[in-house]
Amino acid sequence: MKSDLPSTLYPLPAKSRAKRILLKTKKQVYGDMLGNNASLFQGEGFEFAELREYVYGDDVRKIDWKTTAKLGKPFVKVYKEERELNVVVVSVLGGSVYFGTVKQKSDIIAEVVATLGFSAVKNADLFSHMTFADKLYSLSKPSKKLFSVHKAVEEIVDFEPLGKEGDFKALVETLNKRLKKKALLFIISDFVGDIDLKLLSKKHDVFAVMVRDRFEEDPSELGYLRLIDMETKQSFEGNVDSGTLKSYKKALYENDEKLYKQFKKQGIRFTKVYTHEDPTLKLLKRMR
């Protein structure tokens, strides 16, 4: 349930907001932020080739510990680079993303998509974007062109999330049918509800980006007010006191703990971006 508290309002039309997001993230990705690194995805896009004995200077993260334990001396995995990555970014735009005390969650999602898209194009990888909520709304063809990133951001900014509920079961079924080629799959959402990405993690390299607002994780006592559920558009009037908040925080904590355990068990990498943070900086820090 979301409150009637004022969130960040946007006097700019959608086209101007999209342009601002694209200019900001493109400057970050193609400017000094990534340095000499070709992409945020450095270290990805490699397939296993062979094992060889460790030599001084090798990346310790590539040590094969099972082989090392068995043979009594360190061995590392050697990889060969694949020709290109298939980067697929999915924006789950249910009504709950229509909220934010600093920026709207939907605009943070657009920044994340722009960052990932520009990074993929810069690295000459294939980039495609999917807009999803209660069903599939759009799916772009894989592309290495900047236009594909611009189109994805414009779609997010233009999308009307109100009255739509993110359906992760339908999302998993859709992705499983649509994605024939192994992908570096980014799923961007606030990740609240019954979520199971096990089927996708078996076939793809999945990375979950959780977009949240600090207020929704740690709200203050609001007193008597009217609440609106942005997904169902149903309203409720009542007293939001300490007892109500305690139950709400407990439910959200349990939701997240269940999610984190699932991600770790299934080998899904994840990070959380708040509406007051810079998404590009956060992604850069997490993916290094």
Side-chain angles (χ1 to χ4, degrees), residues 2 14 17-18 21 86-100 104-117 120 126-143 148-213 216 229-233 255-256 259 262-263 266 268-273 275 279 283:
K2 308 303 178 185
R17 282 167 50 208
I21 289 169
N86 179 33
V87 180
V88 179
V89 183
V90 182
S91 300
V92 183
L93 302 176
S96 60
V97 304
Y98 191 77
F99 178 79
Q104 269 191 326
K105 289 191 286 183
S106 57
D107 272 21
I108 294 295
I109 290 174
E111 286 192 43
V112 171
V113 170
T115 298
L116 296 171
L126 290 169
F127 166 77
S128 58
H129 176 257
M130 176 187 290
T131 302
F132 204 94
D134 52 323
K135 62 180 181 179
L136 176 64
Y137 284 88
S138 69
L139 174 59
S140 65
K141 293 181 180 180
S143 173
S148 62
V149 185
H150 287 241
K151 184 179 178 182
V153 171
E154 289 168 359
E155 283 181 353
I156 295 169
V157 173
D158 288 335
F159 190 77
E160 178 53 72
L162 291 177
K164 299 180 179 69
E165 185 172 358
D167 187 338
F168 272 86
K169 184 178 180 181
L171 173 66
V172 171
E173 291 174 353
T174 301
L175 288 172
N176 191 47
K177 291 178 182 177
R178 296 267 185 162
L179 300 183
K180 304 300 182 182
K181 180 183 176 183
K182 182 178 180 181
L184 175 54
L185 176 61
F186 290 87
I187 299 177
I188 314 167
S189 168
D190 50 15
F191 285 95
V192 177
D194 187 17
I195 300 166
D196 187 353
L197 306 179
K198 183 179 180 180
L199 187 63
L200 296 176
S201 67
K202 288 182 177 181
K203 183 179 179 181
H204 306 285
D205 184 5
V206 183
F207 196 115
V209 182
M210 304 172 67
V211 177
R212 297 276 182 86
D213 188 277
E216 66 184 335
D229 189 317
M230 298 298 186
E231 294 185 338
T232 65
K233 291 187 177 181
N255 173 91
D256 290 355
L259 201 60
Q262 179 200 131
F263 286 165
Q266 297 169 3
I268 296 172
R269 290 178 292 164
F270 62 94
T271 192
K272 184 184 290 185
V273 181
T275 57
L283 286 170

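We number each residue from 1, following the sequence as shown.
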Could you grab the distance from atom OH of Tyr137 to atom CD of Glu160, nearest 0.5 Å is fine?
-> 10.5 Å
Is any side-chain N of the basic residue among Arg212 and Asp256 closer than 4.0 Å to the acidic one's carboxylate O?
-> yes
Side-chain donor/acceptor of Gln262 to backbone N/O of Ile195, under 3.5 Å | yes
Between Asn255 and Gly193 the two heavy atoms that sit nearest each other are OD1-N, 3.0 Å
Where do Val153 and Ala114 come nearest, in terms of heavy atoms and distance?
-> CG2-CB, 3.7 Å
Please report the shortest heavy-atom distance between Val92 and Gly166, naming the atom on each side.
-> CG1-CA, 4.2 Å
dist Glu216:CD -> Ser96:OG (nearest 0.5 Å) comes out at 7.5 Å
Decide whether a cation-pi geometry holds between Lys135 and Phe132; the criteria are a distance under 6.0 Å from NZ or CZ to the six-membered ring centre and an angle within 45° of the ring axis.
-> no
Is any side-chain heavy atom of Leu184 closer than 4.5 Å to a side-chain heavy atom of Val88?
-> no
4.5 Å side-chain heavy-atom contact, Val87 and Leu126 | no
Using a cut-off of 6.0 Å, state whether more than 12 heavy atoms not belonging to Lys203 lie near its atom NZ.
-> yes
Please lay out, stage by stage, how Lys164 and Leu93 fare under the test side-chain contact (heavy atoms from CB on, under 4.5 Å).
-> CA-CA 8 Å; Lys164 299 180 179 69; Leu93 302 176; over 6 Å; no
Separation of Phe127 CZ from Asn86 CG (nearest 0.5 Å) | 11.0 Å
Describe, in one word, how the ring planes of Phe263 and Phe270 are oriented to each other, choosing from parallel (under 30°), tilted (30 to 60°) and perpendicular (over 60°).
-> tilted
Give the intermediate values and the outcome of side-chain contact (heavy atoms from CB on, under 4.5 Å) for residues Leu200 and Leu185.
-> CA-CA 9 Å; Leu200 296 176; Leu185 176 61; 4.1 Å; yes
Pair Asp190 + Lys105: basic N to acidic O under 4.0 Å | yes
Quick one: do Arg269 and Asp205 satisfy side-chain contact (heavy atoms from CB on, under 4.5 Å)? Show the steps, please.
-> CA-CA 9 Å; Arg269 290 178 292 164; Asp205 184 5; 3.3 Å; yes
Please step through side-chain contact (heavy atoms from CB on, under 4.5 Å) for the pair Val273 and Glu111, ending with a clear verdict.
-> CA-CA 11 Å; Val273 181; Glu111 286 192 43; over 6 Å; no
Minimal non-hydrogen separation, Phe191 against Val209, with atom names = CE1-O, 3.5 Å
May I ask you to test the Leu197-Ile187 pair for a side-chain heavy-atom distance under 4.5 Å?
-> yes
Is any side-chain heavy atom of Tyr98 closer than 4.5 Å to a side-chain heavy atom of Gln104?
-> yes
Under 3.5 Å, which donor-acceptor pairs do the side chains of residues 168-179 form with other protein atoms, sequence neighbours left out?
from: Thr174; atom 1: OG1; to: Ala170; atom 2: O; distance (Å): 2.7

How close do Thr115 and Leu283 get, heavy atom to heavy atom, and via which atoms?
-> CG2-CD1, 4.0 Å
For the residue pair His129 and Ser91, confirm or rule out a side-chain donor-acceptor distance under 3.5 Å.
-> yes
For Ala110 and Val157, work out which heavy atoms get closest and say how close.
-> CB-CG2, 4.5 Å
